[in-house]
> 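Got a structure for you, written out below as structure tokens; questions coming shortly.
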Amino acid sequence: MRSRSLKNQDIAVHQPVTARVNESIGTCARRMHDEHVGCLVVVEQNDGSEFPVGMLTDRDIAIEVVAFASIRRR
């Protein structure tokens, strides 16, 4: 018997967690923690609607923190 293969819609989050372009990284990191997600859809407001303009991942934050710390040590 062949089992049904999973599709994106079976496991995808249907209510994505968002961040506005002007929010601080700290606020975004707290939201990721509180919502138990590893990325946020970055949105910009235009004519009363929000449009996705990018993604912010926990990896993006980690890499920037490490890079910033190494620059400060120089």
> Scan for salt bridge (Lys or Arg N to Asp or Glu O under 4.0 Å) pairs involving residues 5-16, sequence neighbours excluded, and state none if there are none.
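As it turns out, the salt bridge (Lys or Arg N to Asp or Glu O under 4.0 Å) pairs with a partner in residues 5-16, which skip direct neighbours, are Arg4-Asp10.
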
> Between Met32 and Cys39, what is the shortest heavy-atom contact and its length?
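Heavy-atom minimum between the residues: CE-CA, 4.0 Å.
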
> Please table the atom pairs, donor to acceptor, closer than 3.5 Å between any side-chain atom in residues 58-67 and protein atoms at least two apart or in another chain.
unit_1	atom_1	unit_2	atom_2	d
Asp60	OD1	Thr57	OG1	3.3
Asp60	OD2	Thr57	N	2.9
Asp60	OD2	Thr57	OG1	3.1

> Which heavy atom of Ala19 sits nearest a heavy atom of Leu40, and at what distance?
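So the minimum-distance heavy-atom pair works out to CB-CD1, 3.8 Å.
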
> Roughly how far apart are Glu35 CD and Thr18 OG1, rounded to 0.5 Å?
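Glu35 CD to Thr18 OG1: 9.5 Å, rounded to 0.5 Å.
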
> Got a list of side-chain donor-acceptor pairs under 3.5 Å for residues 45-56, not counting sequence neighbours?
unit_1	atom_1	unit_2	atom_2	d
Glu50	OE2	Arg20	NE	3.1
Glu50	OE2	Arg20	NH2	3.1

> Between Ile25 and Val41, is there shared hydrophobic-cluster membership here, with clusters defined by ILVMFWY side-chain heavy atoms closer than 4.5 Å?
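No: no chain of side-chain contacts under 4.5 Å links Ile25 to Val41.
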
